[in-house]
Protein chains: 2
Amino acid sequence: MSLNDRKIQILQAIINDYIETAEPVGSRTIAKKYNLGISSATIRNEMSDLEEMGFIIQPHASSGRIPSDLGYRLYVDHLMQKKELSPEEEQYLQNIVNRNVGQIDYLLEEMAKALSVLTNYTTIISEPVSQTIRIKQIRLLPLDDASILLVIATEDNFIKNHVIKMGSVPHEEVILRLGMYLNHVLQGYTMADIDADVVRRLQRELAEYSGILPHILKAIEKTMRAAEKVHLHMSGTNNILACPEFSDIQKAKSLFQTLEEKDVLVTLLESGKSDDMQILIGSENQVQSMKDCSVITATYKMGDNTRGTIGIVGPTRMDYSQVVSVLNGMVSNIEKVLKNLADGNKNT
Amino acid sequence: MSLNDRKIQILQAIINDYIETAEPVGSRTIAKKYNLGISSATIRNEMSDLEEMGFIIQPHASSGRIPSDLGYRLYVDHLMQKKELSPEEEQYLQNIVNRNVGQIDYLLEEMAKALSVLTNYTTIISEPVSQTIRIKQIRLLPLDDASILLVIATEDNFIKNHVIKMGSVPHEEVILRLGMYLNHVLQGYTMADIDADVVRRLQRELAEYSGILPHILKAIEKTMRAAEKVHLHMSGTNNILACPEFSDIQKAKSLFQTLEEKDVLVTLLESGKSDDMQILIGSENQVQSMKDCSVITATYKMGDNTRGTIGIVGPTRMDYSQVVSVLNGMVSNIEKVLKNLADGNKNT
DNA sequence: TGTTAGCACTCACTTCAATCGAGTGCTAAC
DNA sequence: GTTAGCACTCGATTGAAGTGAGTGCTAACA
């Protein structure tokens, strides 16, 4: 039994129809709606074959067929035709992006909103994180008589601060000088580079500052670690409730529960980070409560080693080609803006 | 017809039972479960009165009664007895708070999670915002050959930065000197204080820097404006789906939609900002999709004029006394920690 | 006069059977 | 290999009957 052209046409018809109507598709529907030039009886025969091959499923005897995860996989890999964004959609995306230049967190927030509006699914965006966070500049500033401000600029132009509280603060001159020295030594370092050797060297060479140095080193570590944490922006969760597949409240609840677990989401997004775009269909996804969901992730880059991920979560019956095209549009838009941002203007 | 003791006892019984079971409460149930020493017939007569007075409602003839918003209001204002937190709950809150000291955004994130776990409702927390954001210190730092870093510390110890991108960057000396001057002039100012007069004065006195001054002033404004934006943390939205009152998916969806509108949430939280604690019951709340919800807000302070709000959103049939006690516990815990934070260590 | 027992009545909810109809699989004819 | 025809399946809908929690009213009681 081979997957001939006609079978493929029928499979495609089933998928298209099911994506549109969310109802099992019968042979007569296909015969009427899609002029394949064959009768419903013939289509029935082919459908029987397609079911045997695992591409479609009959939810119960005497019902129409719905695509299986395998069917969607075939569709996504070979059958799906690329959609172009409509000029309105393109315009909409650009407006969002341009209106929010400058503040990367608001930009991503708005992007997530836009994507959920355009796709009618749930959007999750992770803020860009550098694979290796490298110190570009370190400064110490006296803040008041009990605290010093540590400012670290990373090579991809993120700025992080930390207020270091201490009993008594040395003279301004001293703080600035110490800052300059640390800057001199640690420039270009990642957290991993600041190992015991480096610390010992600093302790030796900066013996005169032994009162405050430990505080400062600890603050540097804290700050660098915090920079590694991933921030997420999510939008359009309510769209889930519009999907008939989640009209069962228990199902919806457990999905919502999952969507509140940051770790799970981060893992999910990370899994797609190697490729430009990745599509996880139904049970290809390991998370139990998302077995009826597909997740499409796209990676956006910002400089050489800083990247974030956009994920669209919808039912397996999602409009894949629409989502893919919207995602493509968004990624190219955002990368354009981030290119500018990468040269300055980032705030975190 | 007066609201005598017996009527109040019956009303209280109805409310307690309804909060527990979510089912309309009948006279026989009350007679059996709460030994008021009167028969169901008498209770029926009293209930009829209570209904006439507007405290309870009969969803349909021949069903039990449920409390009206007015009934809940009476309960909340006069009948509700304060619950004490159990030692476990108290411990749980303290653990959360202590485990996350130092990073205010993570702290609030975890707090929101904890509150939604303890209450089984949805929690929204706004990050503390100063009523009047006052500049404590301004610094300019050369970052690289095309950008300067602006650092503003506000009087309540929040740190904000902004990378100012410009064609060519003056010499380090110049930047530092300019920074010192701005710091000298603008210390203690709010955004409102930096009016046209001040700007003109700066432009006159810093004429030699006319090439970069406008960039910097614009950056200061942007940064101060961004500091005013409210950040929200939300958790436990999935709890909504466990409430029988939202088993109607349409209702649930429209509530979820509302919960994604930041403006609405901010307004909601702001409305409670004047009081320590505020309870909005059902339609006392203006938002249409929240007419079946009650919102309890509590304000937490951090220093004299910096405050944030915690809001718990649940069905009008929420366990008010439980929520109030958990909120009280949380506020006192968080204020303790923020007191320390306010003296340093905040990162934004 | 307030309380209570008793009873008729209401109405949402459940159950069950009948019916409907979309869809299938199989067979026989083309 | 394709198709028309037909019996069959089974979820969904409809409607009638029954159930039960709950009410309001009345008359009797303390």
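Naming convention: chains lettered A, B, ... in sequence-line order (proteins, then strands); numbering from 1 in each chain.
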Stepwise side chain to side chain donor-acceptor pair (under 3.5 Å) test for B:Ser235 and B:Ser116: CA-CA 6 Å; B:Ser235 181; B:Ser116 62; 3.2 Å; yes
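Between B:Ser126 and B:Leu269, the shortest heavy-atom distance links the atoms CB-CD1, 3.8 Å.
Regarding B:Asp49, its CG atom lies at a distance of 11 Å from the P atom of C:dT3, rounded to whole Å. Computed from coordinates, the B:Asn45 CG to D:dG22 P distance equals 17 Å when rounded to whole Å. Here D:dT23 presents its P atom at 9 Å from CD1 of B:Ile56, a figure rounded to the nearest Å. In this entry the distance linking CD of A:Glu52 with C1' of C:dT24 reads 15 Å, nearest Å. Rounded to whole Å, the distance from CD1 on B:Ile43 to P on C:dG2 is 18 Å. The nearest whole Å value for the distance from the CD1 atom in B:Ile38 to the C1' atom in C:dA5 is 15 Å.
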Summary of protein contacts for nucleotides 6-23 of chain C, nucleotide by nucleotide, where a base hit scores B, a sugar-phosphate-only hit scores S (4.0 Å, heavy atoms): B---BBS----------S
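Note on B:Thr42: every side-chain N or O is 4.0 Å or more away from OP1 and OP2 of C:dT3.
A donor-acceptor pair under 3.5 Å links the side-chain atoms of B:Asp69 to the main chain of B:Ser283, judged by distance alone. Panel note: side chain A:Glu261, backbone A:Thr258; no donor-acceptor pair is recorded below 3.5 Å.
In this structure, the ring-ring contact (aromatic ring centres under 6.0 Å, His included) partners of B:Tyr72, at least two apart in sequence or on a different chain, are B:Tyr320. Judged as a ring-ring contact (aromatic ring centres under 6.0 Å, His included), and not counting sequence neighbours, A:Tyr121 has no contacts.
More than 12 heavy-atom neighbours from other residues, nucleotides or ligands sit within 6.0 angstrom of NZ on B:Lys262.
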Can you give me every donor-acceptor pair (side chain of residues 25-32 of chain A, partner residue at least two apart or in another chain, under 3.5 Å) with its distance?
from	atom 1	to	atom 2	distance (Å)
A:Ser27	OG	A:Arg44	NH1	3.2

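One finds a salt bridge joining A:Asp77 and A:Arg73 here, because a Lys/Arg side-chain nitrogen approaches an Asp/Glu carboxylate oxygen to under 4.0 Å. A salt bridge links B:Asp319 to B:Lys83: one of the charged nitrogens lies within less than 4.0 Å of a carboxylate oxygen.
Base pairing in DNA chain C gives the following stems of 3 or more Watson-Crick or G-U pairs, range against range and under 3.5 Å: C:1-30 with D:1-30.
Listed in residue order, the members of residues 10-21 of chain A having a heavy atom less than 4.0 Å from DNA chain C come to none.
A donor-acceptor contact under 3.5 angstrom links the side chains of A:Thr237 and B:Glu260, judged on distance only.
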